[in-house]
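Heads up, the thing below is written out as structure tokens.
Not measured: the values here are computed from a predicted model. Keep in mind that the numbers below use all heavy atoms, side chains included, and drop hydrogens, waters and symmetry copies.
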Amino acid sequence: MTDLGDLSWRFVDERAHDGPTNMALDEVTAETVADGGLATVRLYRWEPSTLSLGYNQDPATIDWDYCEREGITVTRRPTGGGAIYHDADGDISYSIVVPGDAVPGDLLACYELLCEPILDAFEGMGVDAAFASDERPAVYQPACYLRALHPAHDVVGPDGRKISGNAQYRQRDAVVQHGSLTFETTPARHCACFTGEPEPDAFADRVGGIEEYVDRSRSAAVATLRDTLREWVETTLGGTVTETSWPTEISSRARERVSEKFGTESWTRERTDPTA
């Protein structure tokens with residue numbers, strides 16, 4: 001088994017991309033990691049604001065006309081769960097991509113390991129956050145943040161409201177974990193993306209944002225997450241960061257993957273992978 005501390009790492013600071021590009025970067029990075037490339041941590045934002053569908057999402061649950069009118073990009077994740085509205089300002093996202101043999105094969109143990117720096121980052125922001133311990137039933141199944149809370153990957157704030165969701169998938173010999181930290185909630189806009197019209201009040205009762213718990217700017221929250229993730233790689237794991245930007249090869253392949261897959265109607269609406 002490979003030790004995470006023996007790996008060379010790439011650390012990419014927050015950059016803004018559209019939804020299909022963010023998904024393509026995860027997938028191409030996983031392919032390079034599986035082939036012996038650098039383990040990777042990156043921070044990113046979604047610009048324009050994006051609705052990411054869970055892998056098995058029924059397209060009939062989405063209000064496509066609303067998303068088009070509001071300039072909200074729609075993409076599909078390779079991970080499961082419901083759809084998530086990623087606001088360009090209200091959402092802070094990250095990905096960790098590592099060799100599959102460097103992390104536990106048990107899903108819960110793997111989540112616990114890779115979510116460690118996320119929980120540490122919340123502590124650094126002054127937010128008392130932890131994995132969900134109390135079960136709360138689903139409010140609206142198509143929306144990821146309104147599903148039943150899951151203690152493996154749902155992180156809640158001090159009042160029990162969800163503040164971060166995390167998901168994993170394995171691709172070849174690599175593991176991708178990506179997740180969102182909510183800085184500011186947008187209940188009405190989030191709920192309007194769905195045809196079932198979930199209630200914004202129900203969303204506000206279930207989901208909290210960092211800015212509701214502490215007096216901290218988005219840039220300060222991002223800086224804390226950045227510093228914590230890098231410290232986790234270099235100090236906690238004992239790894240070495242050798243790159244801090246995307247090499248041309250990955251950027252180029254990600255653009256190709258957008259045009260071939262993640263930016264296509266067949267993938268987004270029908271879950272058909274044109275590259276398979």
Side-chain angles (χ1 to χ4, degrees), residues 9-33 37-55 57 62 67-68 70-79 81 83-98 118 121 144 164-169 171 174-184 186 189-190 193 218-219 221-223 225-226 229-230 241 243-269 273-275:
W9 291 74
R10 175 187 298 110
F11 189 95
V12 183
D13 203 354
E14 187 182 57
R15 299 185 183 185
H17 302 287
D18 60 29
T21 299
N22 276 323
M23 296 298 92
L25 283 168
D26 277 354
E27 185 167 278
V28 171
T29 301
E31 292 169 359
T32 64
V33 169
L38 299 178
T40 299
V41 174
R42 72 176 180 111
L43 303 182
Y44 57 97
R45 65 194 302 171
W46 308 73
E47 198 168 283
S49 299
T50 299
L51 184 72
S52 72
L53 312 185
Y55 179 69
Q57 190 94 31
I62 305 305
C67 292
E68 184 175 358
E70 295 297 315
I72 299 170
T73 299
V74 182
T75 191
R76 187 178 291 271
R77 304 188 308 272
T79 48
I84 306 171
Y85 170 70
H86 305 276
D87 190 76
D89 296 315
D91 181 284
I92 303 170
S93 289
Y94 77 93
S95 293
I96 301 173
V97 188
V98 294
I118 306 306
C144 187
S164 175
N166 308 274
Q168 285 185 19
Y169 70 99
Q171 179 174 313
V175 170
V176 178
Q177 176 167 304
H178 54 197
S180 293
L181 288 68
T182 302
F183 177 73
E184 180 182 9
T186 50
R189 195 165 168 84
H190 201 130
C193 293
R218 185 187 186 283
S219 60
V222 171
L225 180 59
R226 174 198 309 125
L229 282 166
R230 183 145 187 169
V241 175
E243 282 188 13
T244 55
S245 61
W246 292 115
T248 301
E249 177 192 4
I250 287 183
S251 298
S252 177
R253 287 174 58 187
R255 286 193 294 270
E256 293 176 359
R257 198 62 53 85
V258 169
S259 62
E260 296 169 349
K261 177 180 177 180
F262 288 104
T264 66
E265 290 284 297
S266 59
W267 170 256
T268 303
R269 294 208 183 220
D273 184 350
T275 66

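- A side-chain N or O of S180 and one of S93 form a donor-acceptor pair less than 3.5 Å apart.
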Criterion side-chain contact (heavy atoms from CB on, under 4.5 Å) on D13 and T244, from CA distance to verdict: CA-CA 7 Å; D13 203 354; T244 55; over 6 Å; no

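- For the atom pair I118 CD1 and I96 CD1, the distance stands at 5.5 Å (nearest 0.5 Å).
- A donor-acceptor pair is defined here as one N or O able to donate and one able to accept, closer than 3.5 Å; such a pair exists between the side chain of R76 and the backbone of Y55.
- Here the OG1-CZ distance, from T40 to F11, works out to 11.0 Å after rounding to the nearest 0.5 Å.
- Shortest non-hydrogen contact noted between I72 and L51 is CG2-N, 3.7 Å.
- Using a distance-only test at 3.5 Å, with no hydrogens or angles considered, a donor-acceptor pair links the side chain of Q57 to the main chain of G54.
- Between R257 and A24, the closest heavy-atom pair is CB-CB, 3.9 Å.
- Take T182 and apply the side chain to side chain donor-acceptor pair (under 3.5 Å) test, not counting sequence neighbours, and it matches no residue.
- Residues L181 and Y94 are in side-chain contact: their nearest non-hydrogen atoms beyond the backbone lie under 4.5 Å apart.
- Here the straight-line distance linking atom CZ of F262 with atom CG of D273 works out to 7.5 Å at 0.5 Å rounding.
- Under the side-chain contact (heavy atoms from CB on, under 4.5 Å) criterion, A121 pairs with M125, L225, T228, sequence neighbours left out.
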side-chain contact (heavy atoms from CB on, under 4.5 Å) assessment of L38 paired with V97: CA-CA 9 Å; L38 299 178; V97 188; over 6 Å; no

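- For the pair V98 and W9, the minimum side-chain heavy-atom distance is below 4.5 Å.
- Residues that satisfy the side chain to side chain donor-acceptor pair (under 3.5 Å) test with D26, not counting sequence neighbours, are R42, S95, H178.
- With contacts defined as side-chain heavy-atom distances shorter than 4.5 Å, the pair S245/R15 qualifies.
- Remark: the backbone N or O of V176 is not paired with any side-chain donor or acceptor of Q171 at under 3.5 angstrom.
- The shortest distance between side-chain heavy atoms of S52 and M23 does not fall below 4.5 Å.
- The two atoms that bring T73 and G19 nearest to each other are CG2-N, 4.4 Å, heavy atoms only.
- Between atom SG of residue C193 and atom CD1 of residue I84 there is a gap of 12.0 Å, rounded to the nearest 0.5 Å.
- Residue T32 holds its OG1 atom at 11.5 Å from CD of E27, rounded to the nearest 0.5 Å.
- No donor-acceptor pair closer than 3.5 Å links the side chain of T79 to the backbone N or O of Q168.
- Under the rule for a side-chain contact (heavy atoms from CB on, under 4.5 Å), the partners of D18 that lie at least two apart in sequence or sit in another chain are P20, T21, P48.
- For Y169, the ring-ring contact (aromatic ring centres under 6.0 Å, His included) criterion is met by no residue, not counting sequence neighbours.
- Side-chain contact check for F183 versus D87: every heavy-atom pair is 4.5 Å or farther apart.
- Using a 4.5 Å heavy-atom cutoff, the side chains of D89 and R45 are in contact.
- Every side chain to side chain donor-acceptor pair (under 3.5 Å) that S266 has, sequence neighbours left out, goes to T264.
- Shortest non-hydrogen contact noted between R77 and W267 is O-CZ2, 4.1 Å.
- More than 12 non-hydrogen atoms from other residues, nucleotides or ligands lie less than 6.0 angstrom from CD of E260.
- With contacts defined as side-chain heavy-atom distances shorter than 4.5 Å, the pair T29/I250 qualifies.
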